S.K.: 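Below you will find the structure I want to go over with you.
Whatever order the structure lists ligands and atoms in, that order sets their numbers, starting from 1. Computed from a prediction, not measured in an experiment: that's the story for all the values here.
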Amino acid sequence: MNKISPSLLAADFARLDSELKRITEGGAEWLHLDVMDGVFVPNISFGIPVIQSIRKCCPLYFDLHLMIRDPMPYLKAFADAGADSITFHLESDCDADEVIEAIHALGKKAGISIKPGTAAEEILPLLPKLDLVLVMSVEPGFGGQKFMPNCLDKIRILREAAPGLDISVDGGINAETGRLCTEAGANVLVAGSYVFGSSNPAAAIDSLR
Ligand code: DX5
Ligand code: ZN
């Protein structure tokens, strides 16, 4: 069954507790946490203290998406704050093999993400070491953007190469684009505005599934 990972970026930050209850009661399994540093992407979101605080009131699987220039120095802090999986970008300034090993040494699942301009083939050699790949279907940095269908071929290539891997897609996901992605082979759908922007998140989550 597909997993739904609502992106906290689209929540009302003044009401995080009730926002998290809405999606937990609505049937989400994962919570997608977008960390942005204003350098790797032209936006700044939230960081370690926020993750630490919501860990205390939210039982969901914490699916971290790091959009930061160099993830390595911060991995332990994110693990201690409550991440279950840590996903970083292939395009960031780091040695991907070293970062994957460091995440696993912290006892967490490791994921790698690719931007719309990066080919799926670039991560094929890394797949045996990964728990998850995150295919971006928008340029990372902002919620509420339009889905870019060039992610679909990448999902197909990755699914064929790794039948058992978690393949996640992020950006512009709604019931219609989500269906295209699951048909292509994705099994984790990240959705920000579609879920948190809904007056009935349970119905939005059901429609994605
Ligand atoms: C964008 C983030 C996404 C974003 C998705 O850089 O990685 O997770 O929150 O938002 P929607 O679903 O509104 O496109
Ligand atoms: Zn994201």
S.K.: With respect to the Zn ion (ligand 2), what is the nearest N, O or S atom of D34?
M.R.: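 In D34, the N, O or S atom with the shortest distance to the Zn ion (ligand 2) is OD1.
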S.K.: Could you give all pairs that pass the salt bridge (charged side-chain N to carboxylate O under 4.0 Å, His left out) test and reach residues 195-209, with sequence neighbours left out?
M.R.: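 Only E29-R209 qualify under salt bridge (charged side-chain N to carboxylate O under 4.0 Å, His left out).
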S.K.: If you measure from the Lys or Arg side-chain nitrogens to the Asp or Glu carboxylate oxygens, is any gap between D131 and K108 under 4.0 Å?
M.R.: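 A salt bridge is absent here (no side-chain N lies under 4.0 Å from a carboxylate O).
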S.K.: Applying the side-chain hydrogen bond (donor to acceptor under 3.5 Å, both in side chains) test to E19, which of K21, R22, R15 qualifies?
M.R.: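 Between E19 and the candidates, side-chain hydrogen bond (donor to acceptor under 3.5 Å, both in side chains) is satisfied uniquely by R22.
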S.K.: One pair to check against salt bridge (Lys or Arg N to Asp or Glu O under 4.0 Å): K109 and D63. What are the steps and the verdict?
M.R.: CA-CA 9 Å; K109 304 271 191 205; D63 163 35; over 6 Å; no
S.K.: If you look at D170, which of its N/O/S atoms is nearest to the Zn ion (ligand 2)?
M.R.: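 This residue's closest N, O or S atom turns out to be OD2.
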S.K.: Report the residues that fulfil side-chain contact (heavy atoms from CB on, under 4.5 Å) with E101, sequence neighbours left out, ordered by chain and then residue number.
M.R.: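 Partners of E101 under the side-chain contact (heavy atoms from CB on, under 4.5 Å) test: none.
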S.K.: Looking only at N, O or S atoms, which one in H32 sits nearest to the Zn ion (ligand 2)?
M.R.: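 For H32, the N, O or S atom at the smallest distance from the Zn ion (ligand 2) is NE2.
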S.K.: What residues, two or more places apart in sequence or in another chain, satisfy ring pair (Phe, Tyr, Trp, His ring centres under 6.0 Å) together with F142?
M.R.: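 By the ring pair (Phe, Tyr, Trp, His ring centres under 6.0 Å) rule, F142 matches no residue at all.
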S.K.: Sort out the contact shell of ligand 1: every protein residue with a heavy-atom distance below 4.0 Å, listed by chain and number.
M.R.: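 Residues S7, L9, H32, D34, M36, H65, M67, M136, P140, G141, F142, G143, G144, D170, G171, G172, V190, A191, G192, S193 each place a heavy atom under 4.0 Å from ligand 1, listed by chain and number.
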S.K.: Tell me whether the rings of F46 and F13 are parallel (<30°), tilted (30 to 60°) or perpendicular (>60°).
M.R.: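 Geometry flag for F13 against F46: perpendicular rings.
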S.K.: Do you know which N/O/S atom name in H65 is closest to the Zn ion (ligand 2)?
M.R.: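 Output for this pair reads ND1.
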S.K.: Is the shortest distance from a Lys or Arg side-chain nitrogen in D84 or R55 to a carboxylate oxygen in the other one below 4.0 Å?
M.R.: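 Salt bridge present between D84 and R55.
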